[in-house]
Amino acid sequence: MRRWNGWGDDSVEQKLSPEALYFLAEKIGEGKPLQDADLQQVCLQVPESRLEPHILISINPAERIRHSLGQSLPDWLQLRYGRIDRVPDGVAFPENAEQVRELLNYAARHQVIVIPHGGGTSVAGHLTIPPATQPVLSISTRRMRRLLHLDRESQLATFEAGVFGPDLEAQLRAQGYTLGHFPQSFEYSTLGGWVVTRSSGQQSLRYGRIEQLFAGGRLETPAGSWYLPAFPASAAGPDLRELVLGSEGRLGILTEATVRVSRLPECEEFHGVFFPDWDSAQAAVRSMVQEKLPLSMLRLSNPLETTTSLALAGHAGLIGWLEKYLRWRGCGEQKCLLLLGASGNRATVRQTIRRAMKLAHVQRGITVGQYMGKKWKQGRFQNVYLRNTLWQQGYAIDTVETACNWPVVKQMMQAVEQAATDALAEDGERIHTYTHLSHLYAQGASVYTTFVFRLSGDYATDLARWKKMKHAVSQTIVMHGGTISHQHGVGSDHAPYLQAEKGAAGMQALRQVFSTADPQGLMNPGKLLTTPVSDGVIL
Ligand SMILES: Cc1cc2nc3c(=O)[nH]c(=O)nc-3n(C[C@H](O)[C@H](O)[C@H](O)COP(=O)(O)OP(=O)(O)OC[C@H]3O[C@@H](n4cnc5c(N)ncnc54)[C@H](O)[C@@H]3O)c2cc1C
């Protein structure tokens with residue numbers, strides 16, 4: 001059964017060793033385990049639904065709670081402390097585009113706000129219910145998950161947009177194909193969610209981001225249906241797919257998506273390399289992407305993340321031996337771990353890895369074989385369960401991410417970590433921050449930072465701390481010329497910082513487009529567009 005107030009399946013537990021807990025306590029102090037709110041108690045607080053009855057709409061309190069929030073830290077605070085601000089008045093589970101249209105017509109007739117719901121894995125407040133007086137309907141796409149058509153010759157697959165990652169891959173793999181889109185939230189996120197939040201998978205170096213994979217589809221908007229034909233390429237004016245990508249439920253509901261699929265690779269390898277310091281590691285990965293090596297993945301951890309991953313991995317004896325060996329080879333405290341992958345036919349994989357290792361050696365990289373890469377692959381969707389374990393120990397975990405050009409990557413990483421540290425220091429709290437480059441491009445990289453800090457046991461205090469930290473790091477990203485999101489999207493949490501990169505005229509253009517598709521302004525209000533922030537004040 002899916003956990004109602006945390007990540008994933010509630011029968012899955014990711015354990016933390018006593019050494020790992022000691023490591024955290026040393027860094028930021030001992031956590032104080034908290035008592036979680038109880039679902040039944042929370043259900044008792046759910047107000048009466050204000051919706052006119054409809055055969056497709058459930059007003060069951062538990063369903064309404066389960067569709068009220070996503071997976072951001074403020075969402076978790078509400079769920080775990082049992083302080084849920086607002087819940088939808090009902091949840092609908094349409095089975096096809098016609099039922100979606102019927103629900104949108106119902107919403108227009110009764111002036112109901114609509115929040116499309118995919119897998120509910122948003123970490124940017126995409127599902128937040130605005131403080132409006134109108135009733136709110138959550139439309140879940142989870143019953144729309146069939147593979148409708150596979151065109152083998154063109155390597156195009158058309159799916160209903162509510163299909164979850166594992167289900168989508170299983171349907172393709174049965175026919176010898178893969179989409180190759182593996183966000184860390186793969187287990188519970190949907191194809192529709194990926195498209196409208198512009199998501200990025202861990203092997204995007206080979207397969208591309210979702211914007212390269214999304215070839216066309218069908219979108220139901222309040223003002224009518226949009227059909228986006230799948231061309232190999234087109235010069236026929238602005239591309240409407242670009243409006244749907246990143247639209248975050250503001251235009252309508254994506255009901256079908258045609259995606260570019262690939263034959264399953266013959267072979268896939270993931271290797272580990274250690275570098276003595278950040279500068280040499282960054283120079284090595286930059287040379288790999290700028291040489292356009294056909295790698296599937298590059299993931300470079302900074303010294304703090306490298307130390308943290310080794311400390312949390314357990315296997316203290318083995319790690320001790322590894323660290324001794326690395327020290328002997330010149331990789332000490334400042335060492336950085338690179339995981340790199342290649343997929344394809346055997347000969348290409350072998351050649352690619354050989355060339356990547358050559359470039360790594362130029363920068364004093366020390367290769368440690370496939371063991372760490374295999375471990376990473378095994379745990380790639382399991383590690384997120386650590387969020388639950390850490391919470392149980394009294395620790396909160398949050399992440400931010402951006403992308404910037406190479407000359408500012410290192411500066412951005414340091415500035416984001418420092419901004420978070422300073423923000424919590426004002427409250428006398430320490431924060432443990434660490435960073436990796438998660439997606440690499442010839443032009444630059446995404447900078448992905450994780451924060452771990454102690455929970456206070458008081459909802460308002462924890463929320464205030466999070467807000468202060470989030471604002472500090474978002475301002476830092478904007479000031480250093482990064483995008484406010486490389487992959488998590490904008491939602492309501494990043495909306496105040498969007499104007500910095502789109503400009504006032506750009507924001508106005510977006511507003512106009514949304515109001516053409518949704519003249520009554522019912523679709524997911526408060527996301528993407530809001531008033532900008534200046535000096536910490538929302539104007
Ligand atoms: C632990 C964890 C790890 C993550 N890792 C990654 C990662 O590696 N890469 C990455 O890119 N993201 C990642 N994310 C973020 C998140 O998983 C993505 O943003 C994902 O694309 C959201 O998909 P979803 O189906 O869960 O959408 P939801 O969270 O349900 O919705 C997100 C937004 O999309 C809208 N929406 C959903 N479906 C539709 C539809 N069919 N039509 C119109 N609007 C729709 C919703 O209204 C909302 O605005 C992670 C999140 C978590 C919690």
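In this chain, numbering begins with 1 at the start of the sequence shown. Counting starts at 1 for both ligands and their atoms, in listed order.
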Q: Kindly confirm or rule out an N or O of L254 lying under 3.5 angstrom from an N or O of ligand 1.
A: yes

Q.
Looking at non-hydrogen atoms alone, which of S485, G125, S185, S247 comes nearest to atom 50 (C) of ligand 1?
A. S185

Q. Are any of the N/O atoms in P116 less than 3.5 Å from those in ligand 1?
A. yes

Q) At the 4.0 Å heavy-atom cut-off, does G70 count as touching ligand 1? A) no

Q.
Does I59, at its CD1 atom, have more than 12 non-hydrogen atoms belonging to other residues, nucleotides or ligands within less than 6.0 Å?
A. no

(Q) Heavy-atom distances under 4.0 Å decide this one: backbone, side chain, both or neither, for V196 against ligand 1? (A) side chain

Q. With a 4.0 Å heavy-atom cut-off (strictly under), which part of N524 contacts ligand 1: side chain, backbone, both or neither?
A. side chain

Q | Distance filter under 4.0 Å to V384 heavy atoms, resulting ligand 1 atoms | A | 1 (C)

Q: Mind checking the NE2-OH spacing from H432 to Y395? Nearest 0.5 Å is all I need.
A: 11.0 Å

(Q) Just to confirm my output: which protein heavy-atom neighbour is closest to atom 48 (C) of ligand 1, and how far is it? (A) H126 CB, 3.4 Å

**Q.** S122 neighbourhood, listing ligand 1 atoms whose heavy-atom distance to it stays under 4.0 Å
**A.** 29 (O)

Q. What are the atoms of ligand 1, with element, lying closer than 4.0 Å to any heavy atom of V123?
A. 15 (C), 51 (C), 52 (C), 53 (C)

Q: Around atom 24 (P) of ligand 1, find the nearest protein heavy atom and jot down its residue, atom name and distance.
A: G119 N, 3.4 Å

Q. Under a heavy-atom criterion of less than 4.0 Å, does G489 contact ligand 1?
A. no

Q) So does E211 pair up with R209, basic N to acidic O under 4.0 Å? A) yes

Q. By number and element, which atoms of ligand 1 are closer than 4.0 Å to a non-hydrogen atom of S199?
A. 10 (C), 11 (O), 21 (O)

Q: Give a yes/no verdict on whether any heavy atom in S438 is under 4.0 Å from an atom of ligand 1.
A: no

Q. Thinking salt bridges, do R146 and E95 make one under a 4.0 Å N-O criterion?
A. no

**Q.** Nearest neighbour in protein (non-hydrogen) for atom 8 (O) of ligand 1
**A.** Q184 N, 2.8 Å

Q: Report the relative orientation of the aromatic rings in F186 and W194; use parallel for angles under 30°, tilted for 30 to 60°, perpendicular for over 60°.
A: parallel

Q.
Strictly below 4.0 Å, N to O, side chains only: are E160 and R145 in salt-bridge contact?
A. no

**Q.** Row check, F182 ring normal vs R380 NZ/CZ: under 6.0 Å, within 45°
**A.** yes

Q: Spell out, as yes or no, whether a donor-acceptor pair under 3.5 Å connects the side chain of Q203 to the backbone of S296.
A: no

**Q.** Residue G249 vicinity, atoms of ligand 1 by number, heavy atom under 4.0 Å
**A.** 44 (N)

Q. Hey, are R3 and E187 close enough for a salt bridge, meaning a charged N less than 4.0 Å from a carboxylate O?
A. no

**Q.** Protein residue, atom and distance nearest to atom 12 (N) of ligand 1, heavy-atom basis
**A.** H488 CD2, 3.7 Å

Q) Against heavy atoms of T190, which atoms of ligand 1 measure under 4.0 Å? A) 24 (P), 25 (O)

Q: For atom 28 (P) of ligand 1, grab the closest protein heavy atom and report residue, atom and distance to one decimal in Å.
A: G120 N, 3.6 Å

(Q) Would S200 count as being in polar contact with ligand 1, using the rule that some N or O on each side must be under 3.5 angstrom apart? (A) yes

**Q.** atom 31 (O) of ligand 1: the protein heavy-atom neighbour that sits closest, reported with distance to 0.1 Å
**A.** L127 CD2, 4.0 Å

Q) Of all heavy-atom pairs between P116 and I253, which one has the smallest distance, and what is that distance? A) CG-CG1, 3.9 Å

(Q) Please report whether ligand 1 has a polar contact with T197, defined as an N or O pair separated by less than 3.5 Å (distance criterion only). (A) yes

Q) Of K527, H488, K470, which meets side chain to side chain donor-acceptor pair (under 3.5 Å) against H494? A) K470

Q: Examine the proximity of ligand 1 to T121 and report which part, side chain or backbone, both or neither, has a heavy atom under 4.0 Å away.
A: both

Q | Lys/Arg N to Asp/Glu carboxylate O, R206 vs E268, below 4.0 Å | A | no

Q: Mark the output for Q202 as yes if a heavy-atom distance to ligand 1 is under 4.0 Å, and as no if none is.
A: no

Q: Measure the distance from atom 43 (C) of ligand 1 to every protein heavy atom, then report the residue, atom name and distance (to 0.1 Å) of the closest one.
A: G252 O, 3.3 Å

Q. What part of Q71, side chain, backbone, both or neither, has a heavy atom within less than 4.0 angstrom of ligand 1?
A. side chain

Q | Rounded distance (nearest 0.5 Å) linking atom CZ of R250 with atom CE of M523 | A | 9.5 Å

**Q.** Parallel, tilted or perpendicular, as decided by the 30° and 60° cut-offs, for the rings of W376 and F270
**A.** tilted

(Q) Please confirm whether K527 approaches ligand 1 to less than 4.0 Å, judged on its heavy atoms. (A) no

Q: Within a distance under 4.0 Å of any heavy atom of I253, pick out the atoms of ligand 1 and give their elements.
A: 42 (N), 43 (C)

Q | Residue T141 vicinity, atoms of ligand 1 by number, heavy atom under 4.0 Å | A | 41 (N)

Q) With distance as the sole test, does S492 use its side chain to make a donor-acceptor pair with the main-chain N or O of G125 at under 3.5 Å? A) yes

Q. Do any nitrogen or oxygen atoms of R387 come within less than 3.5 Å of a nitrogen or oxygen of ligand 1?
A. no

Q.
Could you identify the single nearest non-hydrogen protein atom to atom 38 (N) of ligand 1 and state the distance to 0.1 Å?
A. G193 N, 3.6 Å

Q: Taking all non-hydrogen atoms of both residues into account, name the closest pair between W391 and L77 and its distance.
A: CH2-CD2, 3.6 Å

Q) According to the side-chain hydrogen bond (donor to acceptor under 3.5 Å, both in side chains) rule, which pairs have a member within residues 59-79, sequence neighbours left out? A) Q71-W76, Q71-R387, S72-D75

Q | Which atom of S204 lies closest to which atom of H439, heavy atoms considered | A | OG-CD2, 3.0 Å

Q.
Side chain or backbone, does G118 bring an N or O within less than 3.5 Å of an N or O on ligand 1?
A. yes

